[in-house]
Amino acid sequence: YTRKELIDLAIVKSDNIAAKTLCDRYPGGSTQCIRAMNVKAAMLGMPNTRFFEATGLSVFNVSTAEELIKLVIAAKNYPEIVKASRTRQVKIQIKKKWLVFNNTNPIIGKRHEFIVSKTGYIRASGGCIVMMLDTDIGRRIVIVLGSKDTHTRIPEAEFISTID
């Protein structure tokens with residue numbers, strides 16, 4: 001896979017192997033990647049955020065809703081992240097076969113103008129989503145942490161995005 005395809009898979013499909021591969025291929029490998037992630041978090045003023053590994057699957061990766069807002073604001077400045085966040089479906093050709101992956105945020109492309117969107121789930125944290133979107137009532141940053149599962153986080157995020 002190309003770097004762009006890995007970014008697309010990590011954001012659109014929420015693919016953990018793609019996220020790990022990106023970090024493994026970082027100059028200096030995964031150790032330097034995780035170090036750079038933690039340095040960036042510190043630079044963004046996120047003192048309670050710690051990255052232990054790249055996939056988000058470890059319970060040792062921690063943050064707060066308030067600090068994730070800072071991360072979303074920073075993410076909007078990366079065109080690759082914005083483009084992937086707005087993508088409903090990724091199609092990757094491997095030889096003669098096409099692989100098709102749908103966005104884990106099913107409302108992408110259906111309503112609102114999304115700038116950043118990323119979903120996640122681990123048992124310890126529940127269903128999670130961070131997103132920045134333009135709505136009829138203005139730009140919103142929505143952070144949902146600890147939703148019951150992957151099915152409840154989207155309706156909760158939609159509800160929060162409509163609060164004036």
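Computation of the quantities below employed the complete heavy-atom set of this structure, encompassing side-chain atoms and omitting hydrogens, waters and symmetry-equivalent molecules.
Here Glu158 contributes atom CD and Leu133 contributes atom CG; the two are 9.5 Å apart, rounded to the nearest 0.5 Å. The distance from atom CZ of Phe101 to atom CG of Leu9, rounded to the nearest 0.5 Å, is 5.5 Å. If you take SG on Cys128 and CD1 on Ile143, they are separated by 10.0 Å, rounding to the nearest 0.5 Å. Considering CG of Asn103 and CD1 of Ile108, their distance stands at 5.0 Å, rounded to 0.5 Å. Rounded to the nearest 0.5 angstrom, Ile7 CD1 and Ser85 OG are separated by 11.0 Å. Rounding to the nearest 0.5 angstrom, the gap separating the CD1 atom in Ile115 from the CG atom in Asp134 is 4.0 Å.
Using a 4.0 Å cut-off between a side-chain N of Lys or Arg and a carboxylate O of Asp or Glu, Glu113 and Arg86 qualify as a salt bridge.
Of all non-hydrogen atoms in Ser117 and Asn105, the two that sit nearest each other are OG-ND2, 2.9 Å. Residues Ser58 and Ile122 come closest through the heavy atom pair O-CD1, 4.2 Å. The two atoms that bring His112 and Ser161 nearest to each other are NE2-OG, 4.4 Å, heavy atoms only. Counting all heavy atoms, side chain and backbone alike, Tyr1 lies closest to Ile94 at CE2-CD1, 4.1 Å. Ala157 and Met131 get closest at one heavy-atom pair: CB-CE, 3.5 Å.
When side chains are defined from C-beta on, Phe114 counts as touching Ile107, because their heavy atoms get closer than 4.5 Å. Under the 4.5 Å side-chain criterion, counting only non-hydrogen atoms from C-beta, Leu68 is in contact with Leu145. Here the side chains of Ile154 and Ile129 are in contact, with some heavy-atom distance below 4.5 Å. Between Arg35 and Asn38, the closest side-chain pair of non-hydrogen atoms is not below 4.5 Å. Looking at heavy atoms from C-beta onward, Lys91 lies out of side-chain contact with Leu99 at the 4.5 angstrom threshold. A 4.5 Å side-chain heavy-atom check between Met132 and Val142 finds every atom pair outside the cut-off. No side-chain heavy atom of Thr162 sits less than 4.5 Å from a side-chain heavy atom of Thr135. At least one side-chain heavy atom of Ile11 sits less than 4.5 Å from a side-chain heavy atom of Ile81.
Thr104 and Thr119 form a side-chain donor-acceptor contact under 3.5 Å, judged by distance and modelled atom types alone. Checking Ser147 against Thr152 by side-chain atom types alone, a donor-acceptor pair falls below 3.5 Å.
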**Item:** Trace of the side chain to side chain donor-acceptor pair (under 3.5 Å) decision for Thr64 with Glu66
**Value:** CA-CA 5 Å; Thr64 67; Glu66 189 173 81; 5.5 Å; no

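When the side chains of ILVMFWY residues are joined at heavy-atom separations under 4.5 Å, either directly or via intervening members, Leu57 and Val59 end up in a single hydrophobic cluster.
With sequence neighbours excluded, the residues satisfying side-chain contact (heavy atoms from CB on, under 4.5 Å) with Thr21 are Leu6, Ile17, Arg25.
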